[in-house]
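Because the structure is predicted, anything quoted here is derived from the model rather than measured. Below, read A as the first sequence line, B as the second, and so on, with proteins coming before strands; counting in each chain starts at 1.
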Amino acid sequence: MRKTHTAGALRATDEGRSVILAGWVHRRRDFGGLIFIDLRDRYGLTQITLDPQRVPADVFAVAESLRPEYVIEVEGVVHLRPEKMRNPRLATGDVEILATRVLVHNAAKVPPFPIDSDGSDVDETLRLKYRYLDLRRERMARNLTLRHRLIKHMRDYMDGNGFIEVETPILFKSTPEGAREYLVPSRVHPGDFYALPQSPQQLKQLLMVGGIERYFQIARCFRDEDQRADRQPEFTQLDVEMSFVDRDDVMGLIERMLIQFATEQADLHGKKLLYTPFRRLTFAEAMGKYGSDKPDLRFGMEIFDVSAVTRNSSFAVFAAAETVRGIVAPGCGGYTRKQTDELTELAKREGAKGLVVLYHDADGVRASGAGAKLSEAERAAILAAAGSAPGDLLLFVADAETPALTALGKLRLEMGARLKLADPSTLAFAWVIDFPMFTWDKDESRWVPNHHLFTAPRDEDLEKFESNPGEVKGKQYDLVCNGYEAGGGSIRIHRRDVQERVMRLLGLSMEEAYKKFGHMLDAFEYGAPPHGGIAPGVDRLAMLFAGEPNLREVIAFPKNQQAADNMLGIPSAPTAKQLKELSVRVDL
RNA sequence: GGAGGCGUGGUGUAGAGGCCUAACACGCUGCCCUGUCAAGGCAGAGACCGCGGGUUCGAAUCCCGUCGCUUCCGCCA
């Protein structure tokens, strides 16, 4: 090892020690007769001082030639800084190294962007093109360290709870009923393809049939779908599966793991958990109060129902609607027509027919606009249901239940953001349970699974299966946090007959079902234990704990929104020789 | 597939039909400087305003197209 200490290690108590540090020139302050160099490595900054009276002329000359991002090695002696020259903002601020030798390992061109910021001042395209420079930022080092500690915590925790990590293949089988897959051509089997796994779902269930009982894996998953701030084409999950468990066993396991992590790693991310134990709400509650199946629970602004009041309203829009729901935007009574029009646009984009705006004035609902059409009694009843105060703005959607709730859910998030209601230093973890198992897909005229087709129905709903599929609830649970889905899981079907009923309901012929999922159906006939699991998203959890706005900040080499990497220049065209070997022809 | 936003020296921005021979800050180069830590002072270099077309006497600025990045909708069992 060429260095005796890191650039973040030295303190006043090290005074007099001879040391060797190595790293990058962060900044150079040259006074002509005195030079300071901030030496940076992953661990911190240390000030190197070059005094011409105390170093040979050739060493001083080397120091004069240094530029930002040069890689250097410095030998010197730790000195206590004069009292007034200490820097309390630096962990190493009490000391400086009086250099006796400076070696340049490598010079550096002028970087295309500054390294001494958090990167928010630089176009992200450039950051990603020069990711190896971008990673030198303190922010990136902190994020990758946090991610490492999260994964290490997961491994230690799972190990401590009797789980073993088992690797599953990346070259997997194409399966329908899921996300679009990445395909890999087989050379040995011309015309045949592997698929990269969207998740190790089936394999981990087969591990349960294989008697592993407690499995986990830090698993890479691949989905060829369009990107979002919280979606990358390849991502990492803590994949978990256990035998002989109920829903609460799985939820409790993950909940304790996250609480422990948040407690032990408080120094790194500084985030507080808003709910311990985690909140629990049913899908119906989540939709009804927050208009979302992954609500941001850091603030209230719950949706309320005034249908009982408006059923016989003198306001035709209200009277005709299947349901009328609303939210209160506190203190927004001063909104202009232009501002409320923006909100109306947002509601329409989310599928609502429109937005009804009422103003809560000093003496009740303002009698203008929609307010003029409401009777005195209705206005009073609406304010009572809303629980609003003078100066508030009331937003209503009169529509069928689902569009009304989802539109108000989006409006709630929009108003929450405008009013800065969500505390950015908190994490509001919660479980959402009792999801409907199936949703009717109008376009395809068939039932589609809400989670996936291996999720078990609640025992009491088994009989409604064929008669009323929309009413069947599954043993599914989603981990949500601050408006993100941080993970999802379920108790699985472990019997062939039940699995076949699900497949039949989804419109799969038994022939098709067997072709695609025969390995599962067969396995269930050889003593498959009851089992269930979950897969928290590692990238998303790292993002949430780090307080970052997107996944790219917690991934060393992420893809951009076009699923491309402009540093590597991928994806890229294969050679004619490669294609020929794979028996693949490109048709553009 | 669709909608919005952005694109001007190395970086981040200003600019809203003629005042642009394009401004400011940071960075960069040179010189001065012994206690700075976002060091300071002086001087200087560096941009055909993403690309293509159009309107106009005149376009960074208006219009059309296109490319790149980003956020969102669809999609994500």
Side-chain angles (χ1 to χ4, degrees), chain A residues 26-40 45-54 60 67-69 79 81-90 92-93 96 98 109-117 119-130 133 175-181 197-199 201-202 221-233 235 342 345-346 348-351 406 410 413-414 437-439 441 443 446-455 474 476 485 488 490 502-503 506 508 516-517 535 537 549-550 552 559-562 564 566:
Chain A
H26 192 62
R27 256 192 289 262
R28 185 182 63 126
R29 291 177 294 280
D30 187 342
F31 285 77
L34 183 69
I35 298 174
F36 297 108
I37 290 160
D38 288 339
L39 180 74
R40 184 196 69 235
L45 290 177
T46 300
Q47 175 164 286
I48 313 295
T49 304
L50 288 113
D51 184 340
Q53 289 169 0
R54 296 200 249 184
F60 195 78
R67 293 292 180 272
E69 301 310 313
H79 275 246
R81 295 198 199 179
E83 195 72 45
K84 285 178 190 161
M85 312 305 171
R86 297 186 180 174
N87 185 348
R89 285 177 298 165
L90 222 54
T92 61
E96 60 191 349
L98 285 190
K109 296 210 295 189
V110 176
F113 48 73
I115 311 286
D116 56 2
S117 69
S120 58
D121 53 347
V122 182
D123 183 65
E124 204 182 343
T125 316
L126 254 198
R127 290 182 58 200
L128 291 178
K129 179 158 185 196
Y130 296 94
L133 296 179
T175 53
E177 307 285 331
R180 203 176 292 121
E181 295 159 322
Q198 325 165 27
S199 87
Q201 181 62 37
Q202 297 176 48
C221 307
F222 306 86
R223 293 179 191 174
D224 185 9
E225 298 291 351
D226 288 338
Q227 312 310 307
R228 290 286 186 283
D230 63 343
R231 274 164 35 187
Q232 282 273 314
F235 59 100
E342 275 172 26
E345 275 312 303
L346 177 65
K348 285 184 175 168
R349 251 202 325 275
E350 296 302 327
T406 50
K410 282 293 193 308
L413 289 178
E414 172 67 20
M437 266 193 54
F438 308 106
T439 317
D441 186 325
D443 298 335
R446 65 184 194 108
W447 291 98
V448 292
N450 184 37
H451 186 47
H452 57 56
L453 74 175
F454 305 109
T455 296
Q476 183 199 337
E485 183 190 329
S490 63
V502 171
M503 290 174 170
L506 299 178
L508 280 171
K516 294 296 182 185
F517 301 110
N550 67 63
R552 296 182 297 277
K559 308 257 189 303
N560 68 15
Q561 193 162 45
Q562 278 64 243
N566 289 328

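Across B:A16 and B:C62, the matching C1' atoms stand 10 Å from one another, rounded to whole Å. Comparing the P positions of B:G54 and B:A3 gives an interatomic distance of 26 Å, to the nearest angstrom. Spacing of C1' atoms, B:C32 relative to B:C69, comes out at 44 Å, to the nearest Å. With C1' as the reference atom, B:A59 and B:G1 are 34 Å apart, rounded to whole Å. Taking atom C1' in both B:G27 and B:G12, one finds a spacing of 11 Å when rounded to whole Å. On the C1' atoms, B:A23 is 30 Å away from B:C64, given to the nearest whole Å. Across the P atoms, B:C26 and B:A39 are found 11 Å apart, a figure rounded to whole Å. Across B:G46 and B:G2, the matching C1' atoms stand 41 Å from one another, rounded to whole Å.
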Is there a side-chain contact (heavy atoms from CB on, under 4.5 Å) between A:L453 and A:F517? Walk through the geometry before answering. CA-CA 11 Å; A:L453 74 175; A:F517 301 110; 3.9 Å; yes
Quick one: do A:R40 and A:I115 satisfy side-chain contact (heavy atoms from CB on, under 4.5 Å)? Show the steps, please.
CA-CA 11 Å; A:R40 184 196 69 235; A:I115 311 286; 3.8 Å; yes
Show the numbers, then the answer: is there a side-chain contact (heavy atoms from CB on, under 4.5 Å) between A:D230 and A:N550?
-> CA-CA 6 Å; A:D230 63 343; A:N550 67 63; over 6 Å; no
For this session: Before giving the answer on side-chain contact (heavy atoms from CB on, under 4.5 Å), spell out for A:Q201 and A:F454 the whole-Å C-alpha distance, their side-chain angles and the decisive distance to 0.1 Å.
Result: CA-CA 9 Å; A:Q201 181 62 37; A:F454 305 109; 4.0 Å; yes
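Here the side chain of A:E181 pairs a donor or acceptor atom with the backbone of A:T175 at under 3.5 angstrom. Side chain of A:R29 to backbone of A:I37: no donor-acceptor contact under 3.5 angstrom is found.
Applying the Watson-Crick and G-U wobble criteria (two distances, each under 3.5 Å), B:U55 pairs with nothing in any strand. Here B:G7 sits opposite B:C67 as a Watson-Crick or G-U wobble pair (both hydrogen-bonding atom distances under 3.5 Å). Summarising the base pairing, B:G40 is matched to B:C32 through a Watson-Crick or G-U wobble pair whose two defining distances lie under 3.5 Å.
In this structure, A:L413 atom CG and B:C72 atom C1' are separated by 13 Å, rounded to whole Å. Note: CG (A:D224) to P (B:G1) measures 12 Å, nearest angstrom. What separates CG of A:D230 from C1' of B:C76 is a distance of 10 Å, to the nearest Å. Computed from coordinates, the A:L346 CG to B:C73 C1' distance equals 12 Å when rounded to whole Å.
With sequence neighbours excluded, no residue forms a side chain to side chain donor-acceptor pair (under 3.5 Å) with A:T439. For A:R552, the side chain to side chain donor-acceptor pair (under 3.5 Å) partners are A:E124, not counting sequence neighbours. In this structure, A:Q232 has no side chain to side chain donor-acceptor pair (under 3.5 Å) partners at least two apart in sequence or on a different chain.
The phosphate of B:G74 has neither OP1 nor OP2 within less than 4.0 Å of any side-chain N or O from A:R231.
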Whether each nucleotide of nucleotides 5-10 of chain B has a protein heavy atom under 4.0 Å at its base (B), only at its sugar-phosphate (S) or at neither (-) is summarised, 5' to 3', as -----S
Quick tally for nucleotides 33-49 of chain B: nucleotides whose base has a protein heavy atom under 4.0 Å get B, sugar-phosphate-only ones S, the rest -, giving BBBBBSB----------
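When heavy atoms are screened at a 4.0 angstrom cut-off, A:T455 is found touching no nucleic acid atom at all. Residue A:D121 is in sugar-phosphate contact alone, with no base atom involved, counting any heavy-atom pair closer than 4.0 Å across all strands shown. Within 4.0 Å (heavy atoms only), A:R67 reaches sugar-phosphate atoms of the nucleic acid but no base atom.
Set against B:U71, B:G12, B:C72, the side chain of A:N550 has B:U71 as its closest nucleotide.
Atom CD of A:E69 and atom NZ of A:K109 lie 14.0 Å apart (nearest 0.5 Å). Here A:L34 contributes atom CG and A:F60 contributes atom CZ; the two are 7.0 Å apart, rounded to the nearest 0.5 Å.
Checking A:T406 against A:E350 by side-chain atom types alone, no donor-acceptor pair falls below 3.5 Å.
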Close N/O contacts between protein and nucleotides 65-69 of chain B (under 3.5 Å):
| from | atom 1 | to | atom 2 | distance (Å) |
| --- | --- | --- | --- | --- |
| B:C69 | OP1 | A:N560 | ND2 | 2.9 |
| B:C69 | OP2 | A:Q562 | NE2 | 2.7 |
| B:C69 | O5' | A:Q562 | NE2 | 3.3 |
| B:C69 | O2' | A:T125 | OG1 | 3.3 |

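Note on A:D226 versus A:R231: no salt bridge recorded, every NZ/NE/NH1/NH2 to OD/OE distance being 4.0 Å or above.
Residue order along RNA chain B, read from the 5' end via each residue's closest nucleotide, puts A:K559 first among A:K559 and A:P449.
Judged by distance alone with a 3.5 Å cut-off, no donor-acceptor contact links the side chain of A:R349 to the base of B:G2. No hydrogens or angles were tested; on distance alone, nothing pairs the side chain of A:R223 with the base of B:C76 as donor and acceptor under 3.5 Å.
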